[in-house]
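Below, chains carry the letters A, B, ... as their sequence lines are ordered, and counting in each starts from 1. Basis for what follows: all heavy atoms, side chains included, without hydrogens, waters or symmetry-related copies.
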There are 2 protein chains.
Amino acid sequence: MALQPVSASRPATIHDIAALCGVAPSTVSRALSTPDRVNIRTRERIQAAAVELNYTPNSQAKALSSGKTGAVGVLVPDITNPFYFDLIRGTQLQLKAAGYTQLLVDTEESDEVEASAIQQLRKSADGLIVGASRLTDEALLAARAAMPLVAINRDVPDVPAVIIDTPAATGQALDHLISLGHTKVAYVSGPVSSQSNARRWDALSLASEERGIEVVKLGPFAPKTQSGAAAADTAVHSGATACIVFNDLIAIGMLQRLRERGVRVPGDMSIVGCDDIFGADFCNPPLTTMSSPIEQAGRVAVTMLLAQLDPLRGGGARSRSVMPTHLTVRASTAAAPST
Amino acid sequence: MALQPVSASRPATIHDIAALCGVAPSTVSRALSTPDRVNIRTRERIQAAAVELNYTPNSQAKALSSGKTGAVGVLVPDITNPFYFDLIRGTQLQLKAAGYTQLLVDTEESDEVEASAIQQLRKSADGLIVGASRLTDEALLAARAAMPLVAINRDVPDVPAVIIDTPAATGQALDHLISLGHTKVAYVSGPVSSQSNARRWDALSLASEERGIEVVKLGPFAPKTQSGAAAADTAVHSGATACIVFNDLIAIGMLQRLRERGVRVPGDMSIVGCDDIFGADFCNPPLTTMSSPIEQAGRVAVTMLLAQLDPLRGGGARSRSVMPTHLTVRASTAAAPST
DNA sequence: AATCGACTGACAACCGGTTGCCATCACGTG
DNA sequence: CACGTGATGGCAACCGGTTGTCAGTCGATT
């Protein structure tokens with residue numbers, strides 16, 4: 001595509017094209033959106049004029065009359081959480097490929113902000129992708145009833161969702177720690193309103209029971225590096241020799257605090273993070289963590305949403321997609337200290 | 001605000017309210033947007049009905065008739081670059097406070113994508129914030145002529161801009177390295193299309209001349225951690241004992257590569273990054289870098305843009321804002337190795 | 001009491017498209 | 001040659017608001 005300069009004059013409308021070609025505006029509309037409905041010669045004249053006038057359809061007007069906005073809202077609790085970077089990139093790529101615009105909203109980890117954003121977006125978006133919703137099951141179901149929606153990391157019956165299966169990986173993480181000789185493990189938990197957190201803890205306590213090992217729950221902690229200091233102190237005090245941490249942000253914060261306190265990682269304490277975010281590979285020591293295909297999850301969510309929007313093309317749309325997760329072992333885990 | 005459940009029925013319009021109150025739609029419109037224009041009793045009846053019907057104005061329709069979209073486009077070259085996280089958060093916060101919606105677009109470091117995004121946004125946004133534009137000066141000026149716009153880190157006459165003054169900090173960085181005894185310094189450069197890169201190099205070569213020290217230019221390299229490997233190898237080969245690097249992403253990548261190669265940082269080679277992004281404080285070793293008030297830059301850009309949009313309120317709107325930058329010394333710089 | 005103007009509400013046009021419906025026309029068929 | 005048919009283009013209503021204009025009401029002024 002040639003680099004069209006942005007002209008300063010008023011953008012062209014279908015009326016301008018119509019006047020230039022001596023046809024009715026409705027014919028222009030058809031020539032551009034339902035080409036078969038118009039004689040080929042007229043159509044070509046119109047298309048040429050459209051190019052000449054550098055015509056771009058007004059998306060507002062289009063949305064108003066057709067009811068389709070061509071936009072999809074993407075809600076995330078915290079834009080600055082690197083976890084969501086990859087998610088956002090995934091949705092952005094896939095939406096763009098399908099000709100949709102992404103409306104990104106930061107819900108600030110608040111159910112109220114989230115609810116009002118959804119309300120707002122009912123008019124301005126065709127569908128929604130909701131990351132780690134803080135809404136109640138009922139509210140999410142209601143939202144789903146009002147408009148096409150795909151949840152990410154939120155498991156509610158009848159709400160289409162992409163689930164990153166970190167609970168399954170917690171078993172792997174625990175086995176990894178057991179194989180290193182750890183006998184007392186702590187789970188450093190995230191926000192209470194996070195369903196991922198609950199699911200992960202459930203899976204972990206079940207797994208620990210099966211394996212006959214003690215796992216204590218610490219927290220909750222906010223999913224930020226700054227929370228890592230408090231988490232680290234609590235972990236040390238708990239007497240555990242290894243921690244499975246809600247996410248890498250907290251884990252990285254713990255790493256820093258532990259170093260300050262002279263607690264060696266992994267010598268004195270092993271740390272397992274979750275998500276394998278940007279930074280997990282170059283922090284000190286590099287973090288053993290549960291790797292998630294986050295960007296792919298974003299792409300899958302978009303695909304599922306578009307299938308809802310356009311059932312014809314979507315075909316056999318899945319309403320639930322579970323993304324596998326695996327443990328990436330780096331240098332923050334090692335044999336338990338000998339007592 | 002109460003948590004309004006999202007209802008499944010068709011959203012209410014001013015016509016619904018009008019019917020309920022037995023007035024004309026135009027009166028409803030005025031009651032809500034020009035309250036003074038309507039008798040207080042009618043107004044209150046209408047407002048009550050609006051609340052009861054859970055009315056939300058249709059932003060598309062509003063945009064179409066009023067010409068104001070209530071949205072601002074924010075263009076960044078790469079969403080997954082942590083530098084832009086902070087910028088995005090800054091713009092998001094400030095825009096939201098002013099009642100605007102943020103339309104985030106990733107231009108993929110491409111001038112073509114950027115130009116077409118701007119073209120697209122002319123209709124759907126009231127103004128634009130363009131981060132690190134890849135456009136030519138002329139194209140950017142033309143865009144500015146077509147719609148309100150604030151550039152970030154792009155210095156073009158007559159284009160309002162927020163400039164993060166990293167060039168000034170390069171002098172500090174160089175002095176820091178000189179004081180540590182370094183005599184051969186390399187500048188690891190970023191993309192050729194980046195104006196920040198050019199400005200930084202200019203400032204650096206000027207400063208080096210004044211101080212009578214040799215600075216060689218390496219690169220260009222893409223602003224990604226993956227480029228760090230190539231950059232590190234080139235830097236080692238150049239014989240320099242210290243590098244000032246285009247940004248922290250490349251610098252962090254270099255850190256990793258240098259460790260792999262057994263080159264000690266800062267023992268054998270000192271590294272200075274730029275931007276102080278997420279991760280610069282916890283990489284290994286923690287990075288000496290030029291800290292920028294990035295989130296603040298985003299907020300300032302929004303303020304400047306809103307002043308353009310609403311000259312009445314904006315008052316004495318500045319058309320250029322320079323954000324100071326300072327050197328944050330961490331552990332990636334130390335005395336030059338004795339030969 | 002007549003005049004004036006402020007206040008208030010309704011009507012209708014408009015923003016830029018989409019779409020149902022109808023009129024026209026050319027063509028093929030019986 | 002009359003008729004049916006499909007292709008093609010125009011008209012007008014509509015999406016949900018905004019806004020200019022006008023008419024009616026009412027109190028105040030002279």
Q. Given the rule in the side-chain contact (heavy atoms from CB on, under 4.5 Å) test, do B:R320 and B:I163 qualify, once you have shown the distances and angles that lead to the verdict?
A. CA-CA 8 Å; B:R320 177 158 318 266; B:I163 307 288; 4.2 Å; yes
**Q.** Derivation and outcome, side-chain contact (heavy atoms from CB on, under 4.5 Å), residues B:R154 and B:V130
**A.** CA-CA 9 Å; B:R154 187 60 197 273; B:V130 184; over 6 Å; no
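Residue-level contact check: B:V28 touches neither bases nor backbone, having no heavy atom under 4.0 Å from any strand. Backbone-only contact: A:T13 has heavy atoms under 4.0 Å from sugar-phosphate atoms and none from a base.
No salt bridge links B:R30 with B:D36; every basic N to acidic carboxylate O contact stays at or beyond 4.0 Å. Ion pairing between B:R89 and A:D106 holds under the 4.0 Å rule for side-chain N and carboxylate O.
A nucleotide of DNA chain D counts as in contact with chain A when one of its atoms lies under 4.0 Å from a heavy atom; the first and last such, 5' to 3', are D:dT8 to D:dG16.
With hydrogens and angles ignored, the 3.5 Å screen pairs no side-chain donor or acceptor of A:R299 with any backbone N or O of A:L93.
Across residues 29-45 of chain B, B:S29, B:R30, B:R37 each have a non-hydrogen atom less than 4.0 Å from an atom of DNA chain D (numbered order). Heavy-atom distances under 4.0 Å link DNA chain D to A:L64, A:S65 of residues 63-72 of chain A, given in residue order.
Other residues, nucleotides and ligands contribute more than 12 heavy atoms inside 6.0 Å of the CG atom of B:N39.
The interatomic distance linking A:H15 (NE2) with C:dA13 (P) rounds to 15 Å, in whole Å.
Heavy atoms only, all atoms of each residue included: B:A125 and B:L103 are closest at CB-CD1, 4.4 Å. What you find for A:S194 and A:R134 is that their closest heavy atoms are CB-NH1, 3.9 Å.
Under 3.5 Å, the side chains of A:T69 and B:Q60 contain no donor-acceptor pair of N or O atoms.
Side-chain contact between A:K96 and B:V113 is present, with heavy atoms from C-beta onward closer than 4.5 Å.
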